[in-house]
Amino acid sequence: MKRLRLVLLAVGGAGVAALLVAACLDLPAFGGRSHPYGTRAVHASLSRHTANTIASVNFDQRAYDTLGEMSILFAAVLGCVVLLREARGEHREQPQPADVARPVRRYALLVLPVALVTGLYVIAHGQLSPGGGFQGGVVAATALHLLYLGADYRALERVRPLAVYEASDALAVSSYLALGLAGVFAGTAFLANTLLPYGTFNTLSSGGIVPLLNAAIGVEVASAVVVLLANFLDQAVEIEEEDGS
């Protein structure tokens, strides 16, 4: 049985390696002037009034792949929640407020609103400029945790009700799926960018469904990162074993 598994692994690995080699041999020459994939991506982006070609690729031309990436993050967070839940033999202990140096407190609380607004801006303008839901979601989520550095853990808990973030994570994933299915019900294809007018180029309302998918990703990533960090912080700060360790 062990030999059979090794044979199957070798055959499968050889097949994947052959496909990778064949794909690499057919790529455009490095540094050449001909970039067929890039040219087509830019043309499709401009034709659908999306100024940021990267956002057009992520949320229009290969929006189905982005759904897979979002599902991986959702599954990873779900796995962490299950694995890091309070187990038998553990109990929660409210952490005591810690002394924070004044410069750390001052600058953390000063940077927090700036970082939060920056994250929201990056999400909202993802179809127009570099950035988008993935980047902006991470920035917005980590901005909240400046409260942990500048104040204490209890202050962070007050602005981080986990039930709300868990629900918003699930709703964001469902919204992305709903937008995809809306295209099917409209008679086109799953996640086809044909539901909404493309709007005026280089404005917030441009790009059809790209801004909506980008916003769904932003909410999902921000919520997922908050839930993920919350579970790790609970392990480090609140949850203790019965022997006090």
Side-chain angles (χ1 to χ4, degrees), residues 45 50-60 63 65-78 80-81 100 103-177 179 199 202-234:
S45 174
T50 308
N52 183 8
T53 303
I54 305 298
S56 175
V57 172
N58 288 339
F59 303 113
D60 185 356
D65 294 343
T66 302
L67 172 62
E69 297 168 3
M70 178 181 64
S71 301
I72 292 172
L73 176 60
F74 183 79
V77 173
L78 180 61
C80 286
V81 170
V100 181
V104 175
R105 180 186 298 271
R106 182 184 305 116
Y107 290 114
L109 298 181
L110 181 64
V111 171
L112 190 155
V114 177
L116 184 59
V117 171
T118 300
L120 297 177
Y121 178 90
V122 171
I123 294 174
H125 292 76
Q127 72 274 15
L128 305 179
S129 58
F134 286 102
Q135 299 86 342
V138 173
V139 173
T142 52
L144 292 178
H145 290 78
L146 289 172
L147 270 178
Y148 179 54
L149 299 178
D152 57 30
Y153 192 67
R154 293 181 182 179
L156 174 61
E157 284 187 316
R158 285 195 290 268
V159 299
R160 192 207 60 186
L162 280 185
V164 174
Y165 286 97
E166 290 169 351
S168 63
D169 189 7
L171 286 174
V173 175
S174 301
S175 298
Y176 197 102
L177 286 171
L179 286 169
N202 212 25
T203 62
L204 283 176
S205 61
S206 62
I209 65 170
V210 171
L212 299 180
L213 295 177
N214 181 57
I217 288 290
V219 174
E220 198 276 333
V221 171
S223 302
V225 172
V226 168
V227 174
L228 187 65
L229 292 178
N231 281 273
F232 280 108
L233 281 174
D234 284 350

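As the structure is a prediction and not an experimental result, all values here were calculated from the model. These numbers come from the heavy atoms of this one structure, side chains and all, not from hydrogens, waters or symmetry mates.
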Exercise for the section: Return the set of residues passing side chain to side chain contact (heavy atoms under 4.5 Å, CB included) with Ala230 (not counting sequence neighbours), or none when no residue passes. Expected result: Arg160, Leu162

Handout entry: Non-neighbouring partners of Leu179 that pass side chain to side chain contact (heavy atoms under 4.5 Å, CB included), sequence neighbours left out
Key = Leu212, Leu213

Fill in the blank from the handout: Sequence neighbours excluded, the answer for side chain to side chain donor-acceptor pair (under 3.5 Å) partners of Asn214 is none

Completion exercise
By side chain to side chain donor-acceptor pair (under 3.5 Å), Thr66 pairs with (sequence neighbours left out) none

Practice task
Flag the pair Asn58 / Ile217 as yes when at least one side-chain heavy-atom distance between them is below 4.5 Å, and no otherwise.
Solution key: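 A side-chain contact under 4.5 Å is absent here.
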
Problem - Side-chain touch Glu220/Tyr176, heavy atoms, less than 4.5 angstrom - result: no

Contacts under 3.5 angstrom, residues 108-134 side chains, donor-acceptor by atom type, not counting sequence neighbours:
| residue | atom | partner | partner atom | Å |
| --- | --- | --- | --- | --- |
| Thr118 | OG1 | Val114 | O | 2.7 |
| His125 | ND1 | Tyr121 | O | 3.1 |
| Gln127 | NE2 | Leu204 | O | 2.8 |
| Ser129 | OG | His125 | O | 3.3 |

Problem - Of all pairs that satisfy side-chain hydrogen bond (donor to acceptor under 3.5 Å, both in side chains), the ones with a partner from residues 162-171, not counting sequence neighbours - result: Ser168-Ser223

For [X] against [Y], the heavy-atom pair lying closest together:
{"X": "Val227", "Y": "Asn231", "answer": "O-ND2, 2.7 Å"}
{"X": "Val173", "Y": "Phe74", "answer": "CG2-CD1, 3.8 Å"}
{"X": "Ser206", "Y": "Pro211", "answer": "O-CG, 3.1 Å"}

State the [atom1]-[atom2] distance between [X] and [Y], to the nearest 0.5 angstrom.
{"X": "Glu157", "Y": "Leu233", "atom1": "CD", "atom2": "CG", "result": "9.5 Å"}
{"X": "Leu229", "Y": "Leu144", "atom1": "CG", "atom2": "CG", "result": "10.0 Å"}
{"X": "Leu78", "Y": "Ser71", "atom1": "CG", "atom2": "OG", "result": "12.0 Å"}

